[in-house]
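Note sheet for the following structure.
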Amino acid sequence: MDNPLQTTPETQARIAAKAKEMWEADGRPGCGPDAYKEAASELIGMESNPDAGQIPVDSPVPLDENGQPVEEAFLEENLGNSGGSMNELDDRREVPFATRQEEEDALKNQ
């Protein structure tokens, strides 16, 4: 089997011909056919190896029966205050106090 990454003179000729074809199809802009070589190279590569990239890859995370990723429960630990009554952050004030006296009174009542 030939190396698909190796560029042969035949492949170069096919790329140049495809680039010229694409350039002519676009109305022969001033950039010339050389500007189309990269796109032509990709198209020729796809034509030469139509099955490339078709190997299935196992998901790095577990999937449920619908194919959706199932996240680990420990990911929830770093999301901050979720608002549940069992979270110790629920009792803390999240906004500043209006006066120093109000802050002092609140700290005494804790």
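The neighbour count for Asn66 CG, taken as heavy atoms of other residues, nucleotides or ligands under 6.0 Å away, is above 12.
The pair Glu104-Lys108 counts as a salt bridge, with a side-chain nitrogen and a carboxylate oxygen less than 4.0 angstrom apart.
Shown here are the side chain to side chain contact (heavy atoms under 4.5 Å, CB included) partners of Asp34, two or more places apart in sequence or in another chain: Lys37. Evaluation of the side chain to side chain contact (heavy atoms under 4.5 Å, CB included) rule for Glu24 yields Lys20, Arg28 as partners, not counting sequence neighbours.
Here the CD atom belonging to Gln54 is positioned 11.5 Å from the CG atom belonging to Asn49, to the nearest 0.5 angstrom. One distance of note links CD1 of Ile15 with CD of Gln12; it measures 5.0 Å at 0.5 Å rounding.
Nearest heavy atoms, Ala35 versus Cys31: CB-SG, 3.6 Å. Minimum interatomic distance between Ala40 and Ala19 (heavy atoms only, all atoms of both residues): CB-N, 3.5 Å. The heavy-atom pair separating Val70 from Asp64 by the smallest distance is CG2-N, 3.6 Å.
Side-chain N or O atoms of Ser48 include one that pairs as donor or acceptor with a backbone N or O of Ile44 at under 3.5 Å.
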